[in-house]
Amino acid sequence: MKFDKKFVQSEDKWIAFQADSTGAHNFGFIYIDSQAGLTFDFKGTFIIDASGKFIPTIRDKTSSMKFRLQPNNTLVAFIPESKFQELHIDKIPEWLKFYKKEEGSIKQLYDWGYMYNGWNECQKALEYLEKADKINPEYKGLQVEMAFSYNGLKQYQKAVEVLQKALKSNPLDAYTNKELIYAEVKNDHLEEAKVVCRKVFKECKDKTYHGENAFNILGAYYEKKDIKNFDSWLAEANIYIVGNPKLKSLAEQMKAQLGQ
């Protein structure tokens, strides 16, 4: 076994943890519960004898031990299918069907994509979100969630395209505009980003992302060492940056480093 897989890479897999001090491996099945998220169903422990045989100690079947998993850097191993018989397990647990009732529905595809994005597994998220897009591209929140994936994968033009589509139905959504400004900045389309930003400043009642939006554009000019446009944008959007102590401090540091 190779202990090289993260929890978020182990959906619908039988996995084992590294051996403890007695040489025993905890093992079980990882799946996604739509309410609880990534979940580990503990099956028992096993040791590996000198011949390589897996010898299990299975917990009491009348009890259930499930643990919600937080994505982290813990590495586990996929149990080889050739060892399933030795461990007295089926490739697909019988009980898993109860968690698969909505499998393939647009809600399930969206929810799974949303969860994987939350774990910064954007490529995996897109596997679900793009399937959902084929069913109903107008599903609420879908285009923005796809854009989050594209931005995370540095596919900024794709993000711009789906965000512009999303804004047709809700042009003043603060989060959608934030993602669009970010994508345009990363695309090096700073004038386009400023057009969107100015519209948001003027028309969007939700001011949650005003500071972040303004700072993303300012940061792009800083990275370019474009002092003229840095100063111009800082003067225009300063009111939104100074309201956030952290952004204000960073802007002052950038200004100093540019020799201003």
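Small disclaimer: the values here were computed from a predicted structure and weren't measured.
- Side-chain atoms of Asp226 do not come within 3.5 Å of backbone N or O of Phe230 as any donor-acceptor pair.
- The stretch residues 130-149 participates, sequence neighbours left out, in these ring-ring contact (aromatic ring centres under 6.0 Å, His included) pairs: Tyr110-Tyr139.
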Q: Could you walk me through whether Gln123 and Tyr116 pass side-chain hydrogen bond (donor to acceptor under 3.5 Å, both in side chains), step by step?
A: CA-CA 9 Å; Gln123 188 63 59; Tyr116 274 108; over 6 Å; no

Q: Would you sort out whether Glu236 and Ser232 count as a side-chain hydrogen bond (donor to acceptor under 3.5 Å, both in side chains), showing the intermediate values?
A: CA-CA 6 Å; Glu236 179 177 347; Ser232 175; 5.2 Å; no

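- Scanning both residues, Pro56 and Phe46, for their nearest heavy atoms gives CA-CB, 3.8 Å.
- Checked against the 6.0 Å centroid criterion, the rings of Tyr114 and Trp119 do not qualify as a close aromatic pair.
- For the atom pair CG (Asp173) and CG (Asp206), the distance works out to 8.0 Å, reported to the nearest 0.5 Å.
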Q: Begin from the C-alpha positions of Gln18 and Asn26 and carry the test side-chain hydrogen bond (donor to acceptor under 3.5 Å, both in side chains) through to its verdict.
A: CA-CA 8 Å; Gln18 297 267 14; Asn26 289 317; over 6 Å; no

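- Side-chain rings of Trp233 and Tyr222 stay apart, their centers remaining 6.0 Å or farther from each other.
- In the hydrophobic clustering (ILVMFWY side chains linked at under 4.5 Å, chained through shared members), Ile47 is joined by Ile55.
- The shortest non-hydrogen separation linking Met115 to Gly37 is SD-CA, 3.9 Å.
- For the side-chain hydrogen bond (donor to acceptor under 3.5 Å, both in side chains) test, residues two or more places apart in sequence or in another chain that qualify with Lys224 are Asp188.
- The existence of a salt bridge linking Lys255 and Asp231 is confirmed by a sub-4.0 Å separation between a basic side-chain nitrogen and an acidic carboxylate oxygen.
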(Q) Set out, in order, the CA-CA distance, both residues' side-chain angles and the distance that settles side-chain hydrogen bond (donor to acceptor under 3.5 Å, both in side chains) for Glu11 and Trp112, then state yes or no. (A) CA-CA 11 Å; Glu11 182 187 351; Trp112 264 231; 3.1 Å; yes

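- Between Glu161 and Lys158, no side-chain nitrogen of the basic residue sits less than 4.0 Å from a carboxylate oxygen of the acidic one, so the salt-bridge criterion is not met.
- Separating the OH atom in Tyr99 from the NZ atom in Lys101 is a distance of 10.0 Å, to the nearest 0.5 Å.
- Ion pair Glu212/Lys178 flagged as a salt bridge, since at least one NZ, NE, NH1 or NH2 atom sits closer than 4.0 Å to an Asp/Glu carboxylate oxygen.
- Between the side chain of Gln143 and the main chain of Pro137, a donor-acceptor pair closer than 3.5 Å is present.
- For the pair His25 (side chain) and Thr45 (backbone), a donor-acceptor distance under 3.5 Å is absent.
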